[in-house]
Structures are given as structure tokens and as C-alpha cells.
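For reference, the structure is listed below as C-alpha cells.
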Amino acid sequence: MEIEKVYEPQRFEPHWAARWVNEEMFRVEAEPGTPYFSLAIPPPNVTGSLHMGHMFEHAIIDALIRWHRMRGERTLWVPGTDHAGIATELMVDRQLQAEEGKSKRDIPREEFLERVWKWKEKNGGRIVEQMKASGVSCDWSRERFTMDPGLSRAVREVFVRLYEKGLIYRGDYMLNWCPRCQTVLSDLEVEHEDKDGSLWHIRYAPGLVVATTRPETMLGDTAVAINPEDPRAATLGGTKVSLPLTDREIPVILDNMAELGFGTGAVKITPAHDPNDFEAGKRHGLASIQVIGEDGKMTAAAGAFAGMERFEARKAVVAKLEELGVLEKIEPHKLSIGQCHRCRTVVEPLVSTQWWMKMKPLAEPAIAAVRDGRITFVPENWGKTYFHWMENIRDWCISRQLWWGHRIPAWHCAACSEVTVAREDPTECCKCGSKDLKQDRDVLDTWFSSGLWPFSTLGWPDETADLKAFYPTSLLVTGFDIIFFWAARMVMFGMEIMGDVPFRQIHIHGLVRDADRQKMSKTKGNVIDPLVLNEKYGTDAVRFALLVSAAPGGDIALSETRIDAERAFANKIWNASRLLFSKPKEGSGAPVSLADRWIAHRLNEAAAAANRCFEQHRYDQTAETLYHFWWGDFCDWYLELKKLDEDWSFAYVVYEQALRLLHPLMPFITEELWQRLELGGKTIAMERYPLGDSAPDPAAEEEMAAVQAIITDARTQRADANVDPKQTVDAILSATGDRLAVAQRNVDAISRLARVKLEFRDEDPYRLKLALKVDRAKVEKEIADLEKIIANSQKQLSNEGFMSKAPQKITDGMRAKQAEYEAQVAKLRTALSE
RNA sequence: GGGCCUGUAGCUCAGUUGGUUAGAGCGCUACCUUGACACGGUAGAGGUCACAGAUUCGAGUUCUGUCAGGCCCA
């Protein structure tokens with residue numbers, strides 16, 4: 001069979017990607033009770049497109065999934081997407097703005113939601129199409145979306161259950177508010193960044209100076225606190241001071257939140273705009289005056305400053321204080337600024353009524369599950385991070401002031417203000433029976449529905465066959481950035497709702513960075529688009545480059561040269577196939593030469609290593625092992641030697657196995673080549689993965705090593721003498737016994753690969769002498785190097801401590817090596833003396 | 001402030017329970033268009049394993065400290 005000289009992945013990948021999907025090759029039936037491997041995809045945002053992080057994560061998952069499937073396990077990879085509350089809402093809002101000059105608040109909620117759904121129908125499939133094109137082996141018949149009717153029912157059921165259990169409640173607390181997105185944010189959605197700020201010292205009264213980083217909030221102060229131990233406590237405690245810029249008097253209270261000896265010793269208290277002050281306000285029964293509104297502008301309560309944007313108000317307040325002469329000093333001050341993780345707007349702490357989930361009772365079983373090993377982390381170090389967060393967990397604010405998402409199933413009664421929470425939409429108040437009900441405006445945090453993903457995708461709350469067959473899932477593969485957002489919450493939901501872990505292992509992978517180890521970001525402009533790479537180098541090359549770089553837990557510095565190297569690897573395999581396919585397939589299918597026996601041994605070793613590395617989540621080592629097997633063993637040595645044989649049938653056997661070994665890492669090229677063998681199977685993905693459990697052949701390994709050593713020796717001598725590779729050189733090989741026999745047996749192999757015309761001499765010591773001039777300087781350096789090594793090992797061998805304490809295996813090995821070094825030196829000296 | 005991680009060849013990274021000349025890819029040097037492949041072949045150069053100390057017969061690997069860098073949480 002004649003095939004093309006250069007491998008062009010672009011010609012084959014789309015074809016196989018489509019076949020795998022169209023023929024539903026990875027569809028799997030639920031058969032409860034049979035061994036399985038299942039995994040739910042970390043659902044990408046429906047608004048997104050495939051980025052390098054997805055590509056990497058999917059390369060890992062797909063390799064594992066394909067490996068398990070080829071091991072004969074009932075293997076399921078559930079695909080799907082996330083509705084991604086804020087992200088999607090922002091996107092559609094922006095589009096509305098651009099196309100019609102309207103904001104979402106200008107149109108009714110229902111109309112806006114309709115638009116989002118339309119947008120989703122039209123564009124939501126993009127990332128899914130990209131995944132399909134990249135060849136991931138998901139069961140597409142089970143594709144889910146977090147807002148599918150089934151998954152929405154799961155969300156509602158969980159909400160109601162937890163509410164009935166008292167684990168979901170409503171309450172007024174201080175929260176992070178994004179004035180841009182107009183919604184509360186959970187602690188996790190706020191990113192802290194250290195910035196240079198100022199500390200303004202303001203004199204509220206003689207001898208009473210407070211320091212603040214946010215002077216504009218003083219308008220909402222309702223007290224000043226000093227430490228009870230403060231010398232001023234006796235005289236000032238309980239008195240009132242007049243709050244500058246306002247006509248209000250505020251009390252001086254005693255509270256040890258004012259740290260003794262720190263700053264001015266006095267702190268202003270603004271219960272409406274600072275979390276600590278909010279607590280202090282509750283402790284002391286202080287009023288709360290909101291001077292900054294949800295829009296980030298000063299409220300009517302800010303008096304003369306009302307209507308100003310908050311940062312403008314800051315400047316105005318400072319100017320006014322200066323004018324009044326009560327601004328004592330301004331110090332530079334580093335402070336940590338909270339920003340909305342979506343839009344980078346500085347968040348404003350505000351008090352509001354929100355829905356909360358009690359986390360302590362949910363965290364306990366989740367901690368236990370990891371402690372006692374029902375869930376393990378890979379690398380296990382991440383367990384520490386998990387415990388640290390779980391053990392200090394705080395209640396989760398689950399309501400968001402958005403429209404796109406799962407609306408909270410709670411109805412407020414206009415008559416008695418009772419809240420009715422129900423599985424079915426209620427028609428009357430559960431307390432007074434009034435029909436005047438209004439559903440809560442808010443939706444749930446996106447992570448609420450993704451937290452249910454491992455079981456909601458399998459059909460829960462129905463008791464489906466899928467659930468019985470595939471839950472708990474086997475593994476979660478995800479990035480460290482969403483351990484808390486997602487992984488931890490899935491564990492809590494899984495334990496609470498299913499009474500069992502959602503997955504047995506959590507594999508945490510690193511970040512894909514650019515070649516200079518910089519985080520990829522749109523603003524830096526260093527984002528690498530996987531689709532461009534896939535098109536340019538082939539998906540297989542990109543996947544392989546990612547996997548071979550994926551040391552556990554480590555980030556990946558992705559360079560195009562690395563990917564190019566893997567493209568060359570694919571091309572190498574292609575060309576090895578070209579050679580093979582030019583030879584007849586027919587024959588015994590059994591080894592006919594040393595080369596055959598040796599490659600069988602090496603194949604077996606590579607297979608054993610590949611399986612072992614997969615089990616240990618060392619995809620990088622699996623990749624490296626197979627790379628060297630294919631290139632180093634199969635191409636460089638085996639095929640070269642095989643050219644001496646007539647019967648190539650065994651080469652086909654080895655080749656076919658080697659394709660299977662590589663399939664999970666390079667699915668496309670292996671499928672294409674495997675199909676060309678015309679063995680009749682539907683896809684290589686359904687063939688069995690070689691286990692590497694055949695009997696080893698140490699004799700073949702040893703003899704081959706001897707032959708390789710002779711060939712390398714000859715090649716080195718040729719290179720040292722700068723001989724044209726084509727030129728055949730006369731050589732004399734001196735040896736006795738087995739050594740001579742091996743060389744004589746393999747004279748054809750040696751002659752061909754070393755391009756020598758061999759003459760044998762039955763004499764000691766062993767030596768291969770080519771009819772060439774010796775590079776004396778080089779040999780002398782080699783001798784010097786060896787003598788250093790010999791001196792070292794001599795020193796150790798004569799060390800009594802070493803000889804008496806080191807294990808026999810080591811000392812024997814050292815002695816053997818020592819003898820080898822000495823023989824080498826002797827050989828080199830002989831060469832020099834001629 | 002609390003916690004986690006990293007420092008190995010020019011670059012990007014491996015290095016399993018401490019053990020025999022510290023590896024890979026790219027880059028570099030020399031020779032070669034050899035009937036699969038120049039996206040290739042063969043041979044090679046290049047490392048005081050951040051620094052200091054400790055444990056040990058033996059440390060890139062374990063421990064302590066220092067320096068440098070990164071990340072997470074508050």
C-alpha cells in the first residue's frame with residue numbers, strides 16, 4: 001500500500017472526529033452491578049469557546065477514558081455545559097447594549113430571559129462542536145446543560161430539602177456587592193489585590209483622632225470605639241462627639257476592636273459599610289446608616305455629598321475635612337482591595353437580605369470522606385488545602401440578583417410576609433392561605449447547580465439505571481482554581497443528598513502558561529488559541545505535547561517548539577508505517593529473528609510501564625515511555641534490523657500493538673493507521689489495551705544489548721575519524737566464547753547498521769578495531785574522565801563503612817562497574833599505543 | 001499575618017522507597033539527501049543539581065537555616 005510521504009493531520013482528524021460522534025462509538029449502556037469507570041466533565045461555560053485550559057484538561061481526561069475503555073471497563077464520560085450565571089448575563093446584556101442601545105433593566109425580565117435562551121440555542125453549541133472536533137470520547141447521547149428541565153428539577157429538589165432541614169435560611173448580613181453587576185458576590189467571587197492607598201487621620205474631637213482608609217464612609221459613622229484599657233476610656237467612654245461634616249452626635253464606646261497602641265487608638269464605626277463594624281454595631285446596638293447605595297453612589301443620607309459617585313465623594317470629603325482643619329495627616333498605606341472577579345469593579349460591602357446555606361454540618365461528612373480515604377487527592381498534597389478551607393468554612397450566600405439562572409423556589413406572601421418554599425409552584429401562602437404570592441426575585445449562585453453535577457447528570461432525583469450504574473463517579477479531573485468553588489461543594493452535596501462521595505479521586509492539574517511561564521490573559525495578549533494550534537500541528541501533537549509536559553500538579557509552559565516536536569513524532573510514526581506497509585503482511589506472525597524477539601520484549605516492557613503510569617496518573621511518563629519506544633526502539637533499531645528479514649509478519653503484530661498503546665494519547669493518527677491494517681474492527685478505541693504481562697525475554701534483551709554496543713562502538717569510531725556514513729570500513733573484532741559467538745551470529749546486523757566489513761579473531765581481550773586513524777586527543781580525554789570515575793569508585797570500595805553497611809546488591813554492582821571501567825581504559829590505551 | 005509550592009544543561013522541564021558515569025524535548029557542533037522519514041540519520045559538546053550546615057558508608061533526593069521566585073487564604 002502506498003501512502004503519502006508527509007503526515008497531514010488536517011486530512012484525517014475531521015473525518016474521524018465526525019465518525020466517532022455520528023456513529024455514537026462511545027455510547028455506553030447502563031448495566032448496574034458491572035465494573036465501570038465514569039467521569040462527569042467539568043462543564044465549560046456555555047458562553048465560552050475552547051481555550052488551552054480545556055484542551056489540557058480534556059487531553060488528560062480523554063487519555064484516561066480511552067485507556068479505561070480499552071481495558072474493557074464500562075466507561076462513561078458525561079459531557080455538558082454550565083449556564084454560567086453572571087458571565088452569560090453580562091454577555092447578552094452587552095449585546096443588547098450594542099445592538100439596541102438598551103440595558104437589560106430596560107426590558108422585562110421574561111423578555112430578557114427569552115433573549116438569553118435564544119442566544120444559547122444559537123451560540124451555546126460552539127464549545128461543544130469544538131470539543132467534538134478535538135476528538136474527545138464523550139457519550140454525546142448523555143450531554144447535559146445545567147438548566148435542562150431535569151437538572152433544574154434536581155436543583156429545586158435539593159433546595160427544598162435543605163430548606164426543610166433548616167440548612168438553607170434567609171438573613172441580613174454584610175456582603176460583597178458589585179455595583180457594576182448589581183448583585184451580591186460570595187467570598188470566593190471576590191479577588192483581593194494589594195494596592196497603595198492612604199490612611200487619613202481625622203480629628204473627631206480634641207484628643208480623639210481616628211484613622212481610616214475610606215473617609216467617605218465617615219458620613220455613616222454611628223460611633224467611635226476606643227479600647228477599654230485606653231487611658232482615655234474613663235473620661236471619654238460614654239460621652240458623645242460631634243461627627244464632622246454632619247449634624248449628628250455619635251457615642252464613644254469601649255470595645256477592644258480598637259487595638260491598644262495601634263494607630264491612633266480610636267476607630268470609627270460604620271455598621272453599614274464595613275464587616276467588622278457591622279459586627280460591632282450588633283454588639284453595641286448601634287444604628288446603621290447607609291451612605292453608599294447599590295449603584296455605588298452616595299445616598300440621601302450623605303447629605304451634601306448625596307448623588308456623588310463613591311470615589312468622587314472620597315475626594316470631596318477629604319477636601320472638606322481639610323478645609324475644616326480636622327485632617328491631621330495622610331499616611332501612605334498598603335491595603336487589600338476586593339474586586340469583582342468578573343468585571344474587576346471594586347466591591348462595596350453592603351448589608352442586605354439574602355439566602356444562605358449552613359456549611360458546617362455539610363462540611364463535616366465532606367472532611368471525613370477525604371480523611372478516611374473514600375476520596376483521595378492526586379497529588380495528595382491538595383488534601384491540605386481542602387482541609388484548611390473546609391475546617392474554616394463560612395456560610396455560603398447562594399442568592400444572586402440576576403435573572404439568568406435557577407430562580408429561587410420561594411414565594412413571599414403579601415398578606416403575612418410568610419415565605420413558602422415548595423417543590424411545585426404554590427397557589428396560596430402556606431401560613432395564611434392568601435393567594436397574593438410573589439416569587440423571590442433572585443436566582444441561585446451558578447455553583448449551586450454545578451455542585452449537583454455528578455448525580456444530576458445521571459438523572460437524579462429519579463432513581464435511574466444510570467445513577468445505579470455510574471454513581472459514585474470514578475474520578476474528578478480539575479484545576480486547583482475551582483477546588484473550593486466546585487470540587488468541595490460537590491463533595492458536600494454528594495454526601496448530603498446521595499449519602500455517598502461524588503467521586504473516588506480528585507486529580508488536580510496545573511495551569512497552562514505561555515512559553516515564558518506567564519499566565520495567559522487577554523490583556524497581556526499572550527493567549528494561545530488551541531484551535532489554531534490544532535489546525536496547524538494536529539490535535540494529536542497538541543495533546544501529546546500537553547500530556548508529556550504534565551508532571552503531577554505542575555504548571556505547563558507551553559511552547560510551539562514543543563508541539564512542533566510532537567508533530568515530528570506523528571510524522572515519524574507515519575513514515576515508519578510507510579516502510580512497514582511496503583512489506584508483505586503475510587507470514588507466520590511469529591518472531592523470526594533476534595530483532596523480533598527483542599522488540600517483543602521491549603513492547604511488553606513499554607506496555608507494562610504505560611499501564612503502571614496511567615494508574616499513577618503519570619501521563620507524562622506514559623507519553624515519554626511510548627515516545628521512546630516508538631522512536632528509539634521501534635524505528636531506530638527494530639525497523640533498521642528488520643530490513644534484513646524476509647518475513648515481516650511479526651512486525652505487523654508488534655506495530656498493531658504499539659498503535660493501541662499510543663491510542664489514548666494520539667487518538668487520530670492511531671485510528672487512521674490502524675484502519676489501514678484492515679483488521680475489520682470498528683475502531684481501535686474498542687480494541688484491548690496491551691497489558692504488558694507476557695513473559696520477558698532477557699536472553700534477547702542481553703544479546704541485543706551486546707549487538708547494539710558493538711554497533712555504537714563502530715559508529716563512534718567512524719564519527720571520530722569523520723568518515724562518510726556511506727563508506728564501508730574494514731574492521732577486526734577480537735573476542736572469545738559467547739561474546740564472539742554473539743557477534744558472529746549477528747554479523748549481518750552489525751555490518752549493515754555500522755557499515756563495516758567484519759573480520760573475527762578468536763582472542764582476548766575484547767576489541768573492535770576499525771581501519772581508521774584514531775583521534776588521540778579525544779581518546780586521552782576519555783581515559784582521563786574514566787580514571788576520575790575509577791578513582792572515585794575505588795575510594796568508595798575501599799571505605800570500610802561502605803563495604804560493611806551498603807547492601808550486597810550495591811557493592812556487587814559497583815565492583816562489576818569498576819571492572820568495566822578498567823577494561824574500557826585498557827582498550828583505549830591499546831588503541832593509543834598503536 | 002497563616003498556609004502551600006518551586007529553584008537541576010542556553011531555554012522549558014523530568015528525576016519514583018537515599019545507591020552504580022544526573023535524563024528528555026528544543027537549541028548548539030560535526031559528518032551525511034544512505035530506497036520509510038532532512039518534520040530525517042549518526043556521533044558529540046554542554047550541569048560545583050540556588051547557597052550554608054546537619055543526618056548517613058553514601059544526598060539532586062531526608063532535615064534545619066539563608067537567599068530568590070510563584071500561588072492560595074485572611
Side-chain angles (χ1 to χ4, degrees), chain A residues 3 5-7 187-188 191-192 336 379 381-382 384-385 387-389 392 394 480-481 483-484 510-511 513-517 519 537 541 545 548-583 612-613 616 618 620-621 623-624 627-628 631-632 635-636 639-640 643 711-712 714-727 752-755 778 785-786 788-790 792-793 795-797 799-807 809-818 820-821 824:
Chain A
I3 70 175
K5 195 166 172 179
V6 173
Y7 177 57
D187 292 337
L188 289 175
E191 284 175 6
H192 295 269
S336 153
N381 211 31
W382 286 106
K384 283 186 201 169
T385 309
F387 288 133
H388 186 258
W389 188 73
N392 296 289
R394 297 195 292 175
F480 58 83
D481 49 332
I483 290 183
F484 309 138
L511 226 58
R513 297 166 177 274
D514 73 3
D516 303 316
R517 298 200 58 72
K519 245 187 203 168
Y537 298 98
V548 81
S549 320
D555 287 350
I556 289 185
L558 185 69
S559 67
E560 286 206 32
T561 54
R562 181 83 214 199
I563 300 171
D564 204 31
E566 308 313 345
R567 178 179 64 165
F569 178 45
N571 192 56
K572 184 75 180 176
I573 292 169
W574 186 257
N575 276 292
S577 310
R578 251 163 68 86
L579 172 63
L580 182 68
F581 292 171
S582 72
K583 306 291 179 187
R612 192 172 57 241
C613 295
Q616 298 166 348
R618 292 304 305 263
D620 58 326
Q621 291 186 350
E624 203 172 279
Y627 182 94
H628 286 116
W631 203 313
C635 294
D636 289 346
L639 288 182
E640 291 306 324
K643 288 173 181 170
I711 292 169
T712 306
R715 283 170 170 172
T716 309
Q717 292 186 42
R718 297 176 61 110
D720 287 352
N722 256 333
V723 185
D724 186 323
K726 284 189 295 287
Q727 191 189 323
R752 181 184 173 93
L753 267 61
R755 292 245 171 188
K778 213 183 139 169
D785 286 349
L786 273 167
K788 248 185 253 165
I789 295 161
I790 290 171
N792 255 335
S793 90
K795 204 167 119 198
Q796 207 170 355
L797 283 169
N799 180 330
E800 222 167 284
F802 171 72
M803 293 311 286
S804 60
K805 291 192 182 175
K809 202 177 99 193
I810 301 297
T811 52
D812 285 355
M814 292 265 313
R815 277 210 194 86
K817 278 275 174 190
Q818 173 85 353
E820 247 175 71
Y821 302 147
Q824 268 183 62

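Predicted model only: the values in this text are computed from it and were never measured. Chain naming here is simple, since letters A, B, ... match the order of the sequence lines and numbering starts at 1 in each. All values below were derived from every heavy atom in this structure, side-chain atoms included, with hydrogens, water molecules and symmetry-related copies excluded.
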Handout entry: Length of the NE2-P vector between A:H628 and B:A14, whole Å
Key = 16 Å
Practice task
Give A:Q717 one of three labels, base, sugar-phosphate or nothing, depending on what nucleic acid heavy atoms sit under 4.0 Å from its own.
Solution key: nothing
Completion exercise
When rounded to whole Å, the CZ to P distance for the pair A:F569 and B:C26 reads 12 Å
Practice task
Rounded off to whole Å, could you give me the CD1-to-P distance for the A:I556 and B:U12 pair?
Solution key: 15 Å
Handout entry: B:C73 OP1/OP2 closer than 4.0 Å to side-chain N/O of A:N392
Key = no
Practice task
Rounded to the nearest angstrom, tell me the gap between atom CH2 in A:W389 and atom P in B:G3.
Solution key: 20 Å
Handout entry: N or O in side chain of A:R715 less than 4.0 angstrom from B:U34 OP1/OP2
Key = no
Handout entry: A:S793: which of A:R815, A:K817, A:M814, A:K788 passes side-chain contact (heavy atoms from CB on, under 4.5 Å)
Key = A:M814
Handout entry: Phosphate OP1/OP2 of B:G3 contacted by A:W382 side-chain N/O (<4.0 Å)
Key = no
Problem - Whole-Å gap separating C1' (B:U42) and CG (A:N722) - result: 12 Å
Handout entry: Touch class at under 4.0 angstrom, heavy-atom based, for A:T561 against every strand present
Key = sugar-phosphate
Exercise for the section: Using the closest heavy atom to pick a nucleotide of RNA chain B for each, name whichever of A:S577 or A:M803 lands nearer the 5' end. Expected result: A:S577
Problem - Residue closer to the 5' end of RNA chain B, A:T385 versus A:D555 (nearest nucleotide) - result: A:D555
Exercise for the section: Nearest whole angstrom, please: distance from the C1' of B:G44 to the CZ of A:R718. Expected result: 16 Å
Problem - Nucleotide forming a Watson-Crick or wobble pair with B:C71, both distances under 3.5 Å - result: B:G3
Practice task
Could you please name the partner base of B:G44, counting Watson-Crick and G-U wobble pairs only when both distances are under 3.5 Å?
Solution key: B:C28
Handout entry: N or O in side chain of A:K726 less than 4.0 angstrom from B:U33 OP1/OP2
Key = yes
Fill in the blank from the handout: Per atom distances to the A:K572 side chain, the nearest of B:A14, B:C37, B:U20 is B:C37
Practice task
Tell me which nucleotide among B:U56, B:G44, B:A24 gets nearest to the side chain of A:T716.
Solution key: B:G44
Practice task
Report yes or no: is there a donor-acceptor pair, N or O only, under 3.5 Å between the side chain of A:E640 and the base of B:A36?
Solution key: yes
